[in-house]
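Notes follow once the structure below has been shown.
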Number of protein chains: 2
Amino acid sequence: MKAETIAAWTLDPGGAIVPQVYALLREAIIRAELAPGDRISESEIAQACRVSRQPVREAFIRLAGEGLLVVRPQRGTVVTRIDYAAVLDARFLREAIEADIVKILAEAADEVVVADLRRQIEAQRAAGDARAFTRLDEGFHRTLADAAGKRGAWKLIEGLKSQMDRVRFLSLDRFRVEKLIEQHSAVVERIAAGDIGGANAAIRLHLRAILADLPEIEAAYPQHFDRPERGLPHPVNAPLALGSGDVGA
Amino acid sequence: MKAETIAAWTLDPGGAIVPQVYALLREAIIRAELAPGDRISESEIAQACRVSRQPVREAFIRLAGEGLLVVRPQRGTVVTRIDYAAVLDARFLREAIEADIVKILAEAADEVVVADLRRQIEAQRAAGDARAFTRLDEGFHRTLADAAGKRGAWKLIEGLKSQMDRVRFLSLDRFRVEKLIEQHSAVVERIAAGDIGGANAAIRLHLRAILADLPEIEAAYPQHFDRPERGLPHPVNAPLALGSGDVGA
DNA sequence: TGTACCATACTTCCATACTAGCTCCCGGCT
DNA sequence: AGCCGGGAGCTAGTATGGAAGTATGGTACA
């Protein structure tokens, strides 16, 4: 792997080591500083962080659980390519979960929550660049989950997001922030109006838009992706993407 | 903890140790052989399994990730009580995900899949006891996910199921197997008919029925549960349970 | 009798040492 | 030249030891 990426990573010796190493590596992978296919080893990271192999190992296990690493016993650990199927799966799961979340919110629209969300959208409009927007976007969706009393759901989504976030990072300079903000706004207004079906449709539309240019990104960064064999593997995704489900509740 | 529970647990030295210890402990917790509140320690389990503490530790971490254990640094590790809120959260997530799964299936009803599911339902009818049914039930839901091309989704659901499974174990002799089978059948028939809304409603009804007697179970085994403070913590769950969402798509 | 304090035992967390297994390269053979 | 075998150098997996911190039980004191 690129040595400069991890040269002298320093971390707080006061706190627990494992989560720090985990966060550091996760960030590096999502930002593609650790590129797909890069091999990393426990001892290598341990040296860079000035800690023993043990906590690094535990961080590896967590990252492997999220599909960012593959640990092959006695062989080595590599950064996974972005699994096209896994990205779509993650989006599917997120869509299913967040769709039900906004339904809860629309059923009992809370003015305080709506006001908070509207304020967040204003902040998003004020955000300068795509990176700042991404951070605000994260907060927006977490707020939705919190407001619905589903903080546990968000914890799960966070894990799923890893794969999607890798794609988003690659498409940072590409996606139309204004459009996404408009979609956020649509979600909030449907919630405020108590329009369950509309809110449902709006969030589904939004979550599909996030990955709208996935094929484009894959074409631009083929080496970052695990190519799906064209045709076979995800026959159900295309129809889903068009006009699935209960959007018109 | 109860020493007899883990006396002389023996495992295959050929394979990897961690998953074996993990499976052993998970099973024991779900079957309430390790009861909520029981304290276990790395060294204790390590001795019982005749392995070192390290792999046990990693198994602990995984179990803690599923909410079955709580590891408190320098204090000890205890089996969690069944978190009432977490159970409802898990059900919520499962419902959201499986609802979208059956929608996919209903959109393009595959005769082969439907036939397979019908066969499974016959097997469920033939199952003697609740325990056998539980195993078949697991297969049924996994088949739904597989058929929709969402094997990844099932992997996620498996993790969520831990909490629900603990409840189900406690209610093994209680729940009406016939009713659940009828609900399975309803799901399949709605899928076969291409009735998206109906299939959606049927699976949601079913997943809510699984935990129908949760309050009863909690009353019967109060020491197994983390009591929610009555009223406050899950205001959104009650309305959800009644008539939420897009069932009437 | 009740309370504050301290020694001790036990916990997890991290570091270090050792084991087993895969890869790859290099030398010898065909 | 091409192929096969063996060993060196990696890797992760497991074992063990030490450090830091917490609960606990006993003891001295008010």
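Proteins get letters first, then strands, A, B, ... in listed order; numbering begins at 1 in each. Computed over heavy atoms, backbone and side chain alike; hydrogens, waters and symmetry mates excluded. Bear in mind that the values here come from a model prediction, so they are computed numbers and not experimental data.
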Fill in: Spacing of Ile17(A) atom CD1 relative to dA20(D) atom P, expressed in whole Å
13 Å

Worksheet item: For the pair made of CD in Gln74(B) and P in dT24(D), what is the distance, rounded to whole Å?
Response: 16 Å

Worksheet item: At under 4.0 Å between heavy atoms, what does Arg72(A) touch on the DNA or RNA strands: base, sugar-phosphate, or nothing?
Response: sugar-phosphate

Practice prompt. Using side-chain contact (heavy atoms from CB on, under 4.5 Å) as the criterion, point out the one residue from Val79(A), Ile40(A), Leu69(A) that pairs with Leu63(A).
Written response: Leu69(A)

Worksheet item: Can a donor-acceptor pair be found between the side chains of Thr134(B) and Arg168(B) at a distance below 3.5 Å?
Response: no

Response to the item:
Numerically ordered, the residues 55-65 of chain B set in heavy-atom contact under 4.0 Å with DNA chain D is Pro55(B)

Response to the item:
When Ala16(A) and Gly76(B) are each assigned the nearest nucleotide of DNA chain C, the 5'-most assignment goes to Gly76(B)

Worksheet item: Parallel under 30°, tilted from 30 to 60°, perpendicular over 60°: which one fits the rings of His141(B) and Trp154(B)?
Response: parallel

Discussion item. On DNA chain C, compare the nucleotides closest to Arg75(B) and Val51(A); which residue's is nearer the 5' end?
Written reply: Arg75(B)

Practice prompt. Quickly work out the Arg53(A) CZ to dT11(D) P distance and round it to whole Å.
Written response: 9 Å

Worksheet item: Under 4.0 Å between a side-chain N or O of Ser41(A) and OP1 or OP2 of dT11(D)?
Response: yes

Item to complete: Find the distance Tyr22(B):OH to dG13(D):P and express it as a whole number of Å.
Response: 17 Å

Fill in: Outermost DNA chain C nucleotides near chain A [under 4.0 Å, heavy atoms]
dC14(C) to dT23(C)

Item to complete: Using modelled atom types only, decide if a donor and an acceptor are shared between the side chain of Thr77(B) and the backbone of Ser41(B) within a distance under 3.5 Å.
Response: no

Discussion item. In this structure, how many angstroms lie between the C1' atom of dT16(D) and the CD atom of Gln54(B), rounded?
Written reply: 10 Å

Fill in: Donor + acceptor pair across side chains of Tyr84(B), Gln163(B) (<3.5 Å)
no

Item to complete: Search all heavy atoms of Leu172(A) against all heavy atoms of Ala130(A) and return the closest pair with its distance.
Response: O-CB, 3.2 Å

Response to the item:
Here the gap from Ile203(A) atom CD1 to Glu98(A) atom CD, rounded to the nearest 0.5 Å, amounts to 5.0 Å

Discussion item. Does either side chain, that of Arg166(B) or that of Thr80(B), offer a donor lying less than 3.5 Å from an acceptor on the other one?
Written reply: yes

